[in-house]
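Have a look at the structure below before the remarks.
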2 protein chains.
Amino acid sequence: MRSRGYHGVSFRELADDVGIKSASVHYYFPQKVDLAVALVARYSKTFFAGLDKNAGDASSSQLLRTYCSAYRSALELSERACLCGMFGAESCGLPKPVADAVAAFFEANMVWIGRTLPKDIAPRTRRIRSAQILAALQGGLMIAATLKDHGLFDGVVKRVLADNAP
Amino acid sequence: MRSRGYHGVSFRELADDVGIKSASVHYYFPQKVDLAVALVARYSKTFFAGLDKNAGDASSSQLLRTYCSAYRSALELSERACLCGMFGAESCGLPKPVADAVAAFFEANMVWIGRTLPKDIAPRTRRIRSAQILAALQGGLMIAATLKDHGLFDGVVKRVLADNAP
DNA sequence: GTCTATAATTTGATAGAC
DNA sequence: GTCTATCAAATTATAGAC
(Lines give C-alpha, C1' and ligand atoms only; values in the text may rest on other atoms or scores of the structure.)
Protein backbone atom coordinates (compact mmCIF):
# COMPACT_ATOMS: atom_id res chain seq x y z
CA MET A 1 0.00 0.00 0.00
CA ARG A 2 2.97 2.23 0.59
CA SER A 3 3.97 1.99 -3.06
CA ARG A 4 0.71 1.41 -4.88
CA GLY A 5 -1.86 2.95 -2.59
CA TYR A 6 -5.04 1.60 -1.06
CA HIS A 7 -6.71 0.66 -4.33
CA GLY A 8 -3.56 -0.82 -5.82
CA VAL A 9 -3.32 -3.70 -3.37
CA SER A 10 -5.33 -6.91 -3.50
CA PHE A 11 -5.94 -9.57 -0.86
CA ARG A 12 -4.62 -12.29 -3.14
CA GLU A 13 -1.35 -10.60 -3.91
CA LEU A 14 -0.82 -9.72 -0.28
CA ALA A 15 -1.53 -13.31 0.72
CA ASP A 16 0.87 -14.63 -1.91
CA ASP A 17 3.64 -12.40 -0.57
CA VAL A 18 3.15 -13.76 2.93
CA GLY A 19 2.74 -17.32 1.66
CA ILE A 20 -0.85 -17.89 2.74
CA LYS A 21 -4.27 -17.79 1.10
CA SER A 22 -6.44 -14.71 0.74
CA ALA A 23 -9.20 -16.27 2.87
CA SER A 24 -6.76 -16.31 5.78
CA VAL A 25 -6.17 -12.60 5.41
CA HIS A 26 -9.91 -12.05 5.58
CA TYR A 27 -9.95 -14.04 8.83
CA TYR A 28 -7.91 -11.29 10.51
CA PHE A 29 -9.15 -8.34 8.47
CA PRO A 30 -12.70 -9.00 7.28
CA GLN A 31 -12.82 -5.91 5.09
CA LYS A 32 -10.13 -4.05 3.24
CA VAL A 33 -10.86 -1.01 5.39
CA ASP A 34 -9.92 -3.00 8.49
CA LEU A 35 -6.62 -3.95 6.94
CA ALA A 36 -5.73 -0.36 6.08
CA VAL A 37 -6.77 1.00 9.47
CA ALA A 38 -4.70 -1.67 11.23
CA LEU A 39 -1.80 -0.85 8.96
CA VAL A 40 -1.89 2.83 9.87
CA ALA A 41 -2.20 1.94 13.56
CA ARG A 42 0.85 -0.32 13.44
CA TYR A 43 2.81 2.16 11.36
CA SER A 44 2.01 4.97 13.76
CA LYS A 45 2.88 2.90 16.82
CA THR A 46 6.22 1.79 15.38
CA PHE A 47 7.04 5.28 14.18
CA PHE A 48 6.46 7.02 17.50
CA ALA A 49 8.04 4.21 19.51
CA GLY A 50 11.20 4.61 17.45
CA LEU A 51 11.08 8.34 17.91
CA ASP A 52 10.62 8.22 21.66
CA LYS A 53 13.34 5.61 22.01
CA ASN A 54 15.84 7.82 20.19
CA ALA A 55 14.62 10.99 21.85
CA GLY A 56 15.54 10.36 25.47
CA ASP A 57 16.04 13.61 27.34
CA ALA A 58 17.71 15.39 24.43
CA SER A 59 17.62 19.11 23.81
CA SER A 60 15.02 20.72 21.56
CA SER A 61 17.26 21.03 18.53
CA GLN A 62 18.46 17.47 19.00
CA LEU A 63 14.85 16.29 19.10
CA LEU A 64 14.13 17.85 15.74
CA ARG A 65 17.24 16.20 14.33
CA THR A 66 15.97 12.88 15.62
CA TYR A 67 12.62 13.50 13.98
CA CYS A 68 14.21 14.27 10.62
CA SER A 69 16.42 11.19 10.82
CA ALA A 70 13.34 9.01 11.20
CA TYR A 71 12.10 10.28 7.84
CA ARG A 72 15.47 9.92 6.20
CA SER A 73 15.74 6.27 7.22
CA ALA A 74 12.31 5.60 5.71
CA LEU A 75 13.64 6.87 2.40
CA GLU A 76 16.89 4.97 2.76
CA LEU A 77 15.44 1.62 3.76
CA SER A 78 12.52 1.40 1.40
CA GLU A 79 13.11 3.98 -1.34
CA ARG A 80 9.54 4.85 -0.61
CA ALA A 81 7.65 7.70 0.96
CA CYS A 82 5.77 7.49 4.24
CA LEU A 83 2.71 5.19 4.35
CA CYS A 84 0.65 8.11 5.55
CA GLY A 85 2.16 10.32 2.87
CA MET A 86 0.62 7.88 0.40
CA PHE A 87 -2.68 7.71 2.25
CA GLY A 88 -2.65 11.47 2.72
CA ALA A 89 -2.45 11.97 -1.02
CA GLU A 90 -5.31 9.50 -1.45
CA SER A 91 -7.21 10.73 1.58
CA CYS A 92 -10.23 12.21 -0.17
CA GLY A 93 -10.73 8.93 -2.03
CA LEU A 94 -10.26 6.70 1.00
CA PRO A 95 -12.89 5.06 3.23
CA LYS A 96 -13.56 7.45 6.09
CA PRO A 97 -12.05 5.31 8.87
CA VAL A 98 -8.74 5.20 7.01
CA ALA A 99 -8.76 8.91 6.22
CA ASP A 100 -9.49 9.65 9.88
CA ALA A 101 -6.62 7.46 11.04
CA VAL A 102 -4.24 9.24 8.68
CA ALA A 103 -5.43 12.64 9.87
CA ALA A 104 -4.85 11.51 13.46
CA PHE A 105 -1.32 10.40 12.54
CA PHE A 106 -0.54 13.84 11.12
CA GLU A 107 -2.01 15.58 14.17
CA ALA A 108 0.14 13.43 16.43
CA ASN A 109 3.17 14.29 14.32
CA MET A 110 2.43 17.97 14.73
CA VAL A 111 2.17 17.58 18.47
CA TRP A 112 5.52 15.78 18.55
CA ILE A 113 7.16 18.40 16.37
CA GLY A 114 5.59 21.12 18.48
CA ARG A 115 7.54 19.90 21.48
CA THR A 116 10.81 20.48 19.67
CA LEU A 117 10.02 24.17 19.19
CA PRO A 118 10.85 27.01 21.59
CA LYS A 119 8.64 27.15 24.65
CA ASP A 120 7.50 30.73 24.25
CA ILE A 121 5.38 30.25 21.15
CA ALA A 122 1.60 30.65 21.14
CA PRO A 123 -0.36 27.40 20.55
CA ARG A 124 -1.75 28.57 17.23
CA THR A 125 1.67 29.60 15.94
CA ARG A 126 3.13 26.37 17.23
CA ARG A 127 0.59 24.35 15.28
CA ILE A 128 1.32 26.23 12.08
CA ARG A 129 5.07 25.99 12.47
CA SER A 130 4.72 22.27 13.15
CA ALA A 131 2.66 21.91 10.00
CA GLN A 132 5.39 23.73 8.05
CA ILE A 133 7.99 21.26 9.20
CA LEU A 134 5.75 18.25 8.61
CA ALA A 135 4.87 19.52 5.14
CA ALA A 136 8.51 20.09 4.23
CA LEU A 137 9.49 16.57 5.26
CA GLN A 138 6.52 14.82 3.69
CA GLY A 139 6.88 16.82 0.51
CA GLY A 140 10.62 16.33 0.51
CA LEU A 141 10.24 12.60 0.89
CA MET A 142 7.77 12.45 -1.99
CA ILE A 143 9.85 14.62 -4.33
CA ALA A 144 13.08 12.78 -3.52
CA ALA A 145 11.45 9.38 -4.08
CA THR A 146 9.89 10.47 -7.36
CA LEU A 147 13.08 12.04 -8.72
CA LYS A 148 15.23 9.30 -7.17
CA ASP A 149 17.48 11.98 -5.72
CA HIS A 150 18.03 11.59 -1.99
CA GLY A 151 20.16 14.70 -1.97
CA LEU A 152 17.03 16.78 -2.44
CA PHE A 153 15.60 15.38 0.77
CA ASP A 154 18.82 16.13 2.60
CA GLY A 155 18.63 19.68 1.31
CA VAL A 156 15.13 20.04 2.71
CA VAL A 157 16.21 18.68 6.10
CA LYS A 158 19.18 21.02 6.23
CA ARG A 159 16.89 23.97 5.70
CA VAL A 160 14.35 22.77 8.24
CA LEU A 161 17.05 22.40 10.88
CA ALA A 162 18.64 25.75 10.05
CA ASP A 163 15.31 27.60 10.11
CA ASN A 164 14.36 26.06 13.43
CA ALA A 165 17.65 26.32 15.23
CA PRO A 166 17.20 27.45 18.83
CA MET B 1 -7.20 9.92 -10.43
CA ARG B 2 -6.52 13.05 -8.46
CA SER B 3 -8.53 11.75 -5.54
CA ARG B 4 -8.25 7.98 -5.81
CA GLY B 5 -5.00 7.48 -7.62
CA TYR B 6 -4.10 5.56 -10.73
CA HIS B 7 -5.38 2.20 -9.52
CA GLY B 8 -8.54 3.65 -8.05
CA VAL B 9 -10.04 4.69 -11.37
CA SER B 10 -11.80 2.44 -13.88
CA PHE B 11 -12.64 2.98 -17.52
CA ARG B 12 -16.30 2.28 -16.88
CA GLU B 13 -16.68 4.78 -14.07
CA LEU B 14 -14.81 7.42 -16.02
CA ALA B 15 -17.03 6.78 -19.04
CA ASP B 16 -20.17 7.01 -16.91
CA ASP B 17 -19.09 10.38 -15.57
CA VAL B 18 -18.63 11.73 -19.08
CA GLY B 19 -21.80 10.07 -20.32
CA ILE B 20 -20.25 7.68 -22.84
CA LYS B 21 -19.30 4.01 -22.92
CA SER B 22 -15.98 2.58 -21.77
CA ALA B 23 -15.19 1.30 -25.26
CA SER B 24 -15.18 4.90 -26.45
CA VAL B 25 -12.58 5.81 -23.86
CA HIS B 26 -10.40 2.97 -25.12
CA TYR B 27 -10.73 4.42 -28.63
CA TYR B 28 -8.78 7.51 -27.53
CA PHE B 29 -6.62 5.88 -24.86
CA PRO B 30 -6.04 2.22 -25.76
CA GLN B 31 -4.31 1.43 -22.48
CA LYS B 32 -4.73 2.88 -19.02
CA VAL B 33 -1.11 4.06 -19.17
CA ASP B 34 -1.95 6.20 -22.19
CA LEU B 35 -4.79 7.82 -20.30
CA ALA B 36 -2.61 8.68 -17.31
CA VAL B 37 0.26 10.00 -19.42
CA ALA B 38 -2.14 12.19 -21.39
CA LEU B 39 -3.64 13.39 -18.14
CA VAL B 40 -0.26 14.47 -16.77
CA ALA B 41 0.57 16.14 -20.09
CA ARG B 42 -2.64 18.14 -20.09
CA TYR B 43 -2.30 18.99 -16.41
CA SER B 44 1.25 20.16 -16.89
CA LYS B 45 0.37 22.23 -19.95
CA THR B 46 -2.56 23.94 -18.22
CA PHE B 47 -0.56 24.53 -15.06
CA PHE B 48 2.38 26.23 -16.74
CA ALA B 49 0.19 28.15 -19.17
CA GLY B 50 -1.68 29.62 -16.21
CA LEU B 51 1.59 30.44 -14.50
CA ASP B 52 3.13 32.14 -17.50
CA LYS B 53 -0.04 34.08 -18.16
CA ASN B 54 -0.06 35.50 -14.62
CA ALA B 55 3.68 35.98 -14.53
CA GLY B 56 4.20 38.62 -17.19
CA ASP B 57 7.36 40.61 -16.52
CA ALA B 58 6.91 40.67 -12.78
CA SER B 59 9.71 40.91 -10.24
CA SER B 60 11.27 37.81 -8.69
CA SER B 61 9.34 37.99 -5.44
CA GLN B 62 6.10 38.59 -7.31
CA LEU B 63 6.80 35.52 -9.44
CA LEU B 64 7.06 33.33 -6.37
CA ARG B 65 3.82 34.77 -5.07
CA THR B 66 2.18 33.89 -8.38
CA TYR B 67 3.52 30.36 -8.14
CA CYS B 68 2.15 29.89 -4.63
CA SER B 69 -1.23 31.25 -5.67
CA ALA B 70 -1.48 28.60 -8.35
CA TYR B 71 -1.21 25.93 -5.67
CA ARG B 72 -3.64 27.67 -3.38
CA SER B 73 -6.31 27.81 -6.06
CA ALA B 74 -5.92 24.08 -6.67
CA LEU B 75 -6.77 23.51 -3.03
CA GLU B 76 -9.61 26.00 -3.11
CA LEU B 77 -11.28 24.81 -6.29
CA SER B 78 -11.09 21.08 -5.82
CA GLU B 79 -10.33 20.49 -2.13
CA ARG B 80 -7.76 18.15 -3.57
CA ALA B 81 -4.00 18.02 -3.84
CA CYS B 82 -2.07 18.30 -7.09
CA LEU B 83 -2.53 15.49 -9.63
CA CYS B 84 1.21 15.01 -9.67
CA GLY B 85 1.29 15.09 -5.88
CA MET B 86 -0.94 12.05 -6.04
CA PHE B 87 1.10 10.39 -8.78
CA GLY B 88 4.30 11.32 -7.01
CA ALA B 89 3.18 9.46 -3.90
CA GLU B 90 2.26 6.50 -6.09
CA SER B 91 5.27 6.89 -8.35
CA CYS B 92 7.15 3.72 -7.41
CA GLY B 93 4.00 1.69 -8.09
CA LEU B 94 3.17 3.38 -11.39
CA PRO B 95 3.86 2.25 -14.96
CA LYS B 96 7.19 3.73 -15.98
CA PRO B 97 5.84 6.15 -18.62
CA VAL B 98 3.58 7.75 -16.02
CA ALA B 99 6.30 7.93 -13.37
CA ASP B 100 8.62 9.53 -15.90
CA ALA B 101 6.03 12.12 -16.86
CA VAL B 102 5.49 13.02 -13.21
CA ALA B 103 9.23 13.32 -12.62
CA ALA B 104 9.46 15.61 -15.66
CA PHE B 105 6.65 17.74 -14.23
CA PHE B 106 8.54 18.18 -10.98
CA GLU B 107 11.77 19.01 -12.78
CA ALA B 108 9.95 21.65 -14.81
CA ASN B 109 8.50 23.05 -11.60
CA MET B 110 11.94 23.32 -10.12
CA VAL B 111 13.21 25.15 -13.17
CA TRP B 112 10.29 27.58 -12.94
CA ILE B 113 10.84 28.14 -9.23
CA GLY B 114 14.56 28.53 -9.84
CA ARG B 115 13.88 31.57 -11.99
CA THR B 116 12.20 33.32 -9.05
CA LEU B 117 15.34 33.03 -6.94
CA PRO B 118 18.20 35.55 -6.78
CA LYS B 119 20.48 35.49 -9.81
CA ASP B 120 23.74 34.99 -7.94
CA ILE B 121 23.07 31.43 -6.76
CA ALA B 122 25.07 28.45 -8.00
CA PRO B 123 23.09 25.98 -10.15
CA ARG B 124 23.36 23.20 -7.57
CA THR B 125 22.16 25.42 -4.75
CA ARG B 126 19.40 26.74 -6.95
CA ARG B 127 18.16 23.26 -7.64
CA ILE B 128 18.10 22.36 -3.96
CA ARG B 129 16.39 25.59 -2.93
CA SER B 130 13.81 25.03 -5.66
CA ALA B 131 13.20 21.53 -4.35
CA GLN B 132 12.72 22.94 -0.86
CA ILE B 133 10.01 25.27 -2.08
CA LEU B 134 8.34 22.61 -4.20
CA ALA B 135 8.41 20.16 -1.29
CA ALA B 136 6.91 22.69 1.11
CA LEU B 137 4.04 23.45 -1.25
CA GLN B 138 3.32 19.86 -2.25
CA GLY B 139 3.55 18.71 1.35
CA GLY B 140 1.48 21.65 2.54
CA LEU B 141 -1.21 20.91 0.00
CA MET B 142 -1.36 17.28 1.06
CA ILE B 143 -1.43 18.03 4.79
CA ALA B 144 -4.03 20.76 4.41
CA ALA B 145 -6.28 18.55 2.27
CA THR B 146 -5.97 15.62 4.68
CA LEU B 147 -6.66 17.72 7.79
CA LYS B 148 -9.20 19.86 5.93
CA ASP B 149 -7.48 22.95 7.27
CA HIS B 150 -6.58 25.43 4.54
CA GLY B 151 -5.01 27.70 7.11
CA LEU B 152 -2.12 25.26 7.40
CA PHE B 153 -1.37 25.67 3.71
CA ASP B 154 -1.49 29.44 4.07
CA GLY B 155 0.97 29.16 6.92
CA VAL B 156 3.34 27.18 4.75
CA VAL B 157 3.09 29.73 1.92
CA LYS B 158 3.71 32.61 4.31
CA ARG B 159 6.91 30.97 5.47
CA VAL B 160 8.05 30.15 1.95
CA LEU B 161 7.57 33.74 0.86
CA ALA B 162 9.26 35.15 3.96
CA ASP B 163 12.25 32.82 3.66
CA ASN B 164 12.72 33.63 0.00
CA ALA B 165 12.18 37.36 0.08
CA PRO B 166 14.72 39.18 -2.09
C1' DG C 1 -6.85 -20.83 12.07
C1' DT C 2 -5.99 -22.27 7.43
C1' DC C 3 -7.61 -24.24 3.68
C1' DT C 4 -10.72 -25.23 -0.91
C1' DA C 5 -14.19 -23.65 -3.48
C1' DT C 6 -16.90 -20.33 -5.17
C1' DA C 7 -20.13 -16.43 -5.38
C1' DA C 8 -20.88 -11.84 -7.21
C1' DT C 9 -18.96 -8.05 -9.15
C1' DT C 10 -15.60 -5.31 -11.47
C1' DT C 11 -11.66 -4.84 -14.13
C1' DG C 12 -8.85 -3.71 -18.60
C1' DA C 13 -9.38 -4.64 -23.09
C1' DT C 14 -11.22 -6.30 -27.88
C1' DA C 15 -14.37 -7.53 -31.92
C1' DG C 16 -17.44 -5.99 -34.84
C1' DA C 17 -22.13 -3.72 -36.05
C1' DC C 18 -23.69 0.77 -37.25
C1' DG D 1 -16.30 7.67 -33.60
C1' DT D 2 -19.69 5.48 -30.68
C1' DC D 3 -22.08 1.75 -29.66
C1' DT D 4 -23.39 -3.48 -28.06
C1' DA D 5 -21.61 -7.51 -26.66
C1' DT D 6 -18.32 -10.01 -24.74
C1' DC D 7 -13.91 -12.01 -23.02
C1' DA D 8 -10.55 -13.36 -19.66
C1' DA D 9 -8.83 -12.14 -15.62
C1' DA D 10 -8.96 -10.11 -11.18
C1' DT D 11 -11.46 -8.30 -7.38
C1' DT D 12 -13.69 -8.37 -2.48
C1' DA D 13 -15.78 -11.39 0.24
C1' DT D 14 -18.18 -15.71 2.13
C1' DA D 15 -19.41 -20.70 3.21
C1' DG D 16 -17.93 -24.63 4.96
C1' DA D 17 -14.52 -28.71 5.22
C1' DC D 18 -10.59 -29.97 7.93
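So that the names make sense, note that chain A is the first sequence line, chain B the second, and so on, each numbered from 1.
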Practice item. Would you list the pairs meeting salt bridge (Lys or Arg N to Asp or Glu O under 4.0 Å) in which at least one residue belongs to residues 70-85 of chain B, sequence neighbours left out? Key: B:R72-B:E76, B:R72-B:D154

Review point. Under a 4.5 Å cut-off applied to non-hydrogen side-chain atoms, are B:Y67 and B:T116 in contact?
Key: no

Review point. Is any side-chain heavy atom of B:I128 less than 4.5 Å from a side-chain heavy atom of B:Q132?
Key: yes

Review point. How are the rings of A:H26 and A:F11 set to each other: parallel, tilted or perpendicular (split at 30° and 60°)?
Key: parallel

Practice item. With a 4.0 angstrom cut-off to heavy atoms of chain B, pull out the first and last contacting nucleotide of DNA chain D, in 5'-to-3' order. Key: D:dG1 to D:dT6

Revision key, fill the gap. Readout for nucleotides 6-13 of chain C: B = base within 4.0 Å of protein heavy atom, S = sugar-phosphate only, - = neither; 5' to 3' it is B----BBB

Check your understanding: Judged by atom type as modelled, is there a donor-acceptor pair below 3.5 Å linking the side chain of A:D34 to the main-chain atoms of A:Q31?
Key -> yes

Check your understanding: Looking only at atom types and distance, does a side-chain atom of A:T146 sit under 3.5 Å from a main-chain N or O of B:G88, one as donor and one as acceptor?
Key -> yes

Review point. With no hydrogens and no angle check, is any side-chain donor or acceptor of B:Q138 less than 3.5 Å from a backbone partner on A:M142?
Key: no

